[in-house]
Number of protein chains: 2
Amino acid sequence: MTKNEAIGALIEEGQNWFLPSLSVDCVIFGFHDGELKVLLLKHRHLNMWGLPGGFVYKDEPADVAAQRVLQERTGLQEIFLQQFHTFGDMERYDKEFHNRDLKKDGITVQSDHWLLQRFVTIGYYALVEFSKVSPSEDTLTEKCLWWDIRKVPSLMLDHKKILDKALQTLRMQLNYQPIGYNLLPEKFTMPELLKLYETILDKKLDRRNFQRKILNYGILRRLKEIKKGVAHKAPYLYSFDLNRYQEALSVGLQGGW
Amino acid sequence: MTKNEAIGALIEEGQNWFLPSLSVDCVIFGFHDGELKVLLLKHRHLNMWGLPGGFVYKDEPADVAAQRVLQERTGLQEIFLQQFHTFGDMERYDKEFHNRDLKKDGITVQSDHWLLQRFVTIGYYALVEFSKVSPSEDTLTEKCLWWDIRKVPSLMLDHKKILDKALQTLRMQLNYQPIGYNLLPEKFTMPELLKLYETILDKKLDRRNFQRKILNYGILRRLKEIKKGVAHKAPYLYSFDLNRYQEALSVGLQGGW
DNA sequence: ACAAAAGTGTTACTTTTACACCCATGA
DNA sequence: TCATGGGTGTAAAAGTAACACTTTTGT
């Protein structure tokens, strides 16, 4: 399907397929080279960067839609997506936003066309293992790339706000949920885990106190060491104890009341 | 406006006024007699209990809609509502749900009528001071009452699930946010605050340790005592230090990393 | 042999827990 | 006067913060 065919189908049939006025957007975090990354798409028809997003089929649960949209737009499969906020302000609504670009492509639609209506979007976020992702484009997407969280380009509509909210949520979760599985390779070192936390929080932590605290959570298993080929002393490798990890996820980490 | 007129207007004009397929629902918590309460409506046309909810005008921010809906249905004004989750599963969708009741009223609508479509709903919750609320009904509502959280009746659609999620969220928030303002009278005693926490968490806390911890947050001001007319020793009265309270809200209470 | 990274440990301090005791009040 | 609820305190345990020292490795 060519670009214009794809857009054409969406414009013609979209209102029959999808729930009107509702969309989903995904904030996909990855970790690489000591940097927290986010996956962004450059939309062909809009010529702008934005979060992977899409619409919800009329008979499709919203959570499934998020999953599907992500798969369609990036090739990513079976990712654990978590809903974090729904964005329903009017500032989201720029009636001319899509229209400008459609016109540029020589496409004209009526002013009450569903694509030009106001949309409320449900935000989802996920943490994924960077190395396992091979971002891929589709007919509507020109580029699909990881961006350093501190260097994201200008984003369409309110996507920057959505991204910020996702990051804020992630930092909160760090306080009462184990994080790292899905974000690190199967086996990783303590310094790597430390670096992950420091990167997400954007601050230095004492490596010794960090190690003690994280080990006390009881969600890690230390393996036979190595991490060969590295300069200086070889660090131990760890992996998550999935059972304990899951339990910590449901129960929460630090007590409170 | 009579019941049927109100319903009639909604059926005729609703699709012109509101965003299709989207609604808001409010979980309003109150505290009274040592019980955590939730405000429920009995819908005239459905003859069932449910959360106060409604639709979003096409040019209205979702947060404002929640506010308005609450005002319309309960008379409650200027309540701090917090969005906590959006419910977009298919289990929400019972096509016959409204239709049955419309038929009962002798109203017939086409099967593709907007009211019969699937809806995604944004959940909001609030904590309010019980005594300041005088629940009031409107044309669509037969009753508006506080229910003990442990004794809620059977609710329409997935409202029980929404309520449970709100409660779960509230309990979480307790761990990193100050709670009590809006939920207690202007002046209150330490035992009352304790009881509030115990009620929300549904467990006993040590009153002495509780007092020390909560005072250390620095969000309370102790007033000249009294709380007269009470049996036994008269407890001190406290009130929230609004400045500190607000700051604690934004910064969060317990450290984490 | 040495710089840099990683492992381990120690001490002071704070917070949490689990208690005991005294005081004020209405019945 | 006494039972009950409320104010205050204290000692032990657990957790956190701020450190120093040793070990390993590639150059």
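Throughout, protein chains are lettered first and strands after them, A, B, ... in sequence-line order, and every chain is numbered starting at 1. The structure displayed is predicted, hence computed values, not measured ones. Quick note: numbers below take in every heavy atom, side chains included, and nothing from hydrogens, waters or symmetry partners.
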message: Side chains of A:Gln246 and A:Tyr181: any donor to acceptor distance under 3.5 Å?
response: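 Judged by distance alone, the side chains do not pair up.
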
For residues 150-158 of chain B, tabulate all N or O donor-acceptor pairs below 3.5 Å that involve a side-chain atom, not counting sequence neighbours.
from: B:Arg150; atom 1: NE; to: B:Asp148; atom 2: OD1; distance (Å): 3.3
from: B:Arg150; atom 1: NH2; to: B:Asp148; atom 2: OD2; distance (Å): 2.9
from: B:Asp158; atom 1: OD1; to: B:Arg92; atom 2: NH1; distance (Å): 2.5
from: B:Asp158; atom 1: OD2; to: B:Arg92; atom 2: NH1; distance (Å): 2.8

Can you list everything that forms a salt bridge (Lys or Arg N to Asp or Glu O under 4.0 Å) with [X]? Sequence neighbours excluded, please.
X: A:Lys132; result: A:Glu129
X: B:Asp63; result: none
X: A:Lys213; result: none

- request: Taking all heavy atoms of A:Trp49 and all of A:Lys143, pick out the closest pair and write down the distance.
  value: CH2-CB, 3.8 Å

- request: Name the residue closer to the 5' end of DNA chain C, choosing between B:His232 and A:Met190 according to the nucleotide with the nearest heavy atom.
  value: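 Its nearest nucleotide being more 5', the pick is A:Met190.
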
- prompt: If you find the nucleotide of DNA chain D closest to B:Tyr238 and the one closest to A:Lys233, which residue's nucleotide is nearer the 5' end?
  reply: B:Tyr238

query: Does anyone know the first and last nucleotide of DNA chain C in reach of chain A, 5' to 3', at under 4.0 angstrom to a heavy atom?
result: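 It runs C:dA4 to C:dT10.
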
Contacting residues from residues 196-214 of chain B, given that a heavy atom lies under 4.0 angstrom of DNA chain D: B:Arg207, B:Arg208, B:Gln211, B:Arg212

statement: Between B:Tyr197 and the options B:Ile200, B:Thr199, B:Leu193, the side-chain contact (heavy atoms from CB on, under 4.5 Å) test singles out B:Leu193

field: Expected output: side-chain A:Glu198 to main-chain A:Leu205 donor-acceptor under 3.5 Å
entry: yes

